[in-house]
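Every chain is numbered from 1, with letters handed out A, B, ... down the list of sequences.
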There are 2 protein chains.
Amino acid sequence: MIETKSRILDTAERLFAERGFSATSLRRIIAEAGVNLAAVHYHFRSKQALLDAVMLRRLEPVNRERLAMLDAAEAAAGGGPLELEAVLAALIAPPLRLRQEPAYATFMKLMGRVLAEGDLGTMRKHFGIVVERFLGAVARALPDLPREELLWRAHFCVGCLAHTLLHKATEMFAATGEVTTESLVAFLAAGFRAAAPVNLRKHA
Amino acid sequence: MIETKSRILDTAERLFAERGFSATSLRRIIAEAGVNLAAVHYHFRSKQALLDAVMLRRLEPVNRERLAMLDAAEAAAGGGPLELEAVLAALIAPPLRLRQEPAYATFMKLMGRVLAEGDLGTMRKHFGIVVERFLGAVARALPDLPREELLWRAHFCVGCLAHTLLHKATEMFAATGEVTTESLVAFLAAGFRAAAPVNLRKHA
DNA sequence: GTCTATAACTTGATAGAC
DNA sequence: GTCTATCAAGTTATAGAC
């Protein structure tokens, strides 16, 4: 069945997202997918390669949409300064929008997990270009922000996004409804625009 | 040896922090600690109980210091409004300060991991009181912020802190040096103070 | 308290029939 | 492509000698 491969991918995606990679066994995956254990190794060779396949299947569209929005923001700015909110929206709106679609909902949680706990190698492999482009764009939107402070704020920004993708706010707090791109962008934009602490200004 | 128990705790703390709970086997722990496998079960009964012991040993001082700083901030405010920066510093300064101490450095990474990927039960068990106290304090510092927006921003805040504790900024970005409490507080305070997006104001 | 030995089970991976 | 059967290794946990 051609369906077998998709069933494995779907089930692995869900279990990896909900329980993490190490805590998920192949036998659990094949039990819930209703397929044979050997089929996993036939289609994907190894557990690690299965995770890579799960990531590859859905990540490319997300990052492509991000870069397209960033291109649009840069085009709109012409030679002038970039608008910070537009840059942040390009980073955040695609994953938040796509997670409304059933096909992408669980993947976005997995993406949050990888962002939150991923090692450096995985990070660079999947998000290298995105990180570079967005660092440049934020620097162009905030030319007066000291470099070190920019890097830390980018780090905080990744933490916010990872946590938001991995967890619904309702899990720990009593928030209702869905988080909006506007909320997250407003929060992060204000953070990026905050006056740099005095102990860092000397490095500017 | 009375040292055996500490050696197990120290090594488990480090490996859980660096590689995660599921990805760390007891055999790896006892190999690096130079102790016998049975000693783990003698002293801690099970792997899960070992993790609980690792958490309990160091978490209480962190949360105690946080609540003491929050008490001080509330006392300083008298009946007036709380200062947002003081509230955030009470949440953030204790873990960032303690991670400079060798005895607490790796534990703070583990705490970041638990904050980032912990399930709801673990969360409430270890941070329930802290979350409640700080939610109330931020609400008192920002009485005009709509409740829903406050909860989401608290959620973002946890994500920032978790990511900062779990990862050095140098891992993904090229930031040098250590992150400061001032940097993180300035970023978060500005985010909390941002104007609430219009699509939420109607719920105020 | 610490050890050896081992139970009882799960893991990722593969060989080979169909 | 899919199956059964199995391997080799690793897993948590325990019993019992010292």
Side-chain angles (χ1 to χ4, degrees), chain A residues 1-58 106-107 110 113-114 117-119 121-122 125-126, chain B residues 1-58 106-107 110 113-114 117-119 121-122 125-126:
Chain A
M1 272 220 271
I2 192 153
E3 208 186 335
T4 299
K5 198 167 175 176
S6 311
R7 291 245 294 282
I8 296 170
L9 281 171
D10 290 345
T11 310
E13 180 177 77
R14 178 169 52 81
L15 290 174
F16 287 158
E18 286 171 0
R19 312 160 50 89
F21 178 73
S22 298
T24 302
S25 70
L26 290 179
R27 299 182 128 90
R28 172 93 185 233
I29 293 171
I30 61 121
E32 299 201 14
V35 302
N36 190 274
L37 174 60
V40 175
H41 291 97
Y42 173 79
H43 285 290
F44 302 100
R45 288 197 14 194
S46 74
K47 186 186 178 186
Q48 179 62 51
L50 170 60
L51 173 61
D52 291 341
V54 167
M55 291 297 293
L56 271 178
R57 180 173 63 152
R58 307 231 193 261
T106 57
F107 172 74
L110 175 59
R113 196 177 280 281
V114 170
E117 70 199 61
D119 62 300
T122 309
K125 184 168 66 181
H126 293 308
Chain B
M1 273 219 269
I2 193 155
E3 207 187 334
T4 298
K5 197 168 176 175
S6 311
R7 291 246 293 282
I8 295 170
L9 282 171
D10 290 344
T11 311
E13 180 177 77
R14 179 168 52 81
L15 290 174
F16 288 158
E18 288 172 357
R19 310 159 51 89
F21 178 73
S22 299
T24 302
S25 70
L26 290 179
R27 301 186 118 88
R28 173 91 184 235
I29 293 171
I30 60 121
E32 298 201 13
V35 303
N36 189 276
L37 175 60
V40 175
H41 292 97
Y42 173 79
H43 286 289
F44 301 100
R45 288 194 19 182
S46 72
K47 186 186 177 185
Q48 179 62 51
L50 170 59
L51 173 59
D52 291 341
V54 167
M55 292 296 294
L56 272 179
R57 180 172 63 153
R58 307 230 192 261
T106 58
F107 172 74
L110 176 58
R113 196 178 279 281
V114 170
E117 70 199 60
D119 61 300
T122 310
K125 183 168 68 183
H126 292 308

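- Within 4.0 Å of B/Ser22, counting heavy atoms only, lies no atom of the nucleic acid at all.
- A/Leu26 places its CG atom 9 Å from the P atom of C/dT11, with the value rounded to the nearest Å.
- Along DNA chain C, the nucleotide nearest A/Lys47 and the nucleotide nearest B/Gly34 are compared for position; the residue whose nucleotide lies closer to the 5' end is B/Gly34.
- Protein atom CD1 of B/Ile30 is 12 Å distant from nucleotide atom C1' of C/dT4, rounded to whole Å.
- Among the heavy atoms of the strands lying under 4.0 Å from B/Ala38 is at least one base atom, whether or not backbone atoms are also near.
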Would you list the atom pairs, donor with acceptor, under 3.5 Å between side chains in residues 48-55 of chain A and any protein atom, with sequence neighbours excluded?
{"unit_1": "A/Gln48", "atom_1": "NE2", "unit_2": "A/Asp52", "atom_2": "OD1", "d": "3.4"}

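- The distance from atom CD1 of A/Ile8 to atom P of C/dA13 is 13 Å, rounded to the nearest whole Å.
- Along DNA chain D, the nucleotide nearest to A/Leu37 and the one nearest to B/Ser46 differ in position, and the one closer to the 5' end is contacted by A/Leu37.
- Of the side-chain N and O atoms in B/Ser25, one or more sit less than 4.0 angstrom from OP1 or OP2 of D/dT11.
- B/Lys47 places no side-chain N or O within donor-acceptor distance of the main-chain N or O of B/His41, the cut-off being under 3.5 Å.
- When the C1' atom of D/dT11 is taken as reference, atom CZ of B/Phe21 falls 12 Å away, rounded to whole Å.
- Rounded to whole Å, atom C1' of C/dT11 lies 14 Å from atom CZ of A/Arg19.
- The phosphate of D/dT4 has OP1 or OP2 within less than 4.0 Å of a side-chain N or O from A/Asn36.
- Pairs engaging residues 30-45 of chain B under the salt bridge (Lys or Arg N to Asp or Glu O under 4.0 Å) rule: B/Arg14-B/Glu32, B/Arg28-B/Glu32 [sequence neighbours left out].
- OP1 or OP2 of C/dG1 has not a single side-chain nitrogen or oxygen of B/Thr4 nearer than 4.0 Å.
- When the side-chain nitrogen and oxygen atoms of B/His41 are compared with OP1 and OP2 of D/dA13, one or more of them lie within a distance under 4.0 Å.
- Partner B/Val35 forms a side-chain contact (heavy atoms from CB on, under 4.5 Å) with one of B/Thr11, B/Thr4, B/Ile29 and no other, that one being B/Thr4.
- Not one N or O on the side chain of B/Arg19 forms a donor-acceptor pair closer than 3.5 Å with the backbone of B/Thr24.
- Mapping A/Arg28 and B/Ala39 onto DNA chain C via the closest heavy atom, the residue that lands nearer the 5' end is B/Ala39.
- Considering only the side chain of B/His43, C/dG1 comes nearest among C/dG1, D/dA13, C/dT11.
- The distance from atom OH of A/Tyr42 to atom C1' of D/dC3 is 13 Å, rounded to the nearest whole Å.
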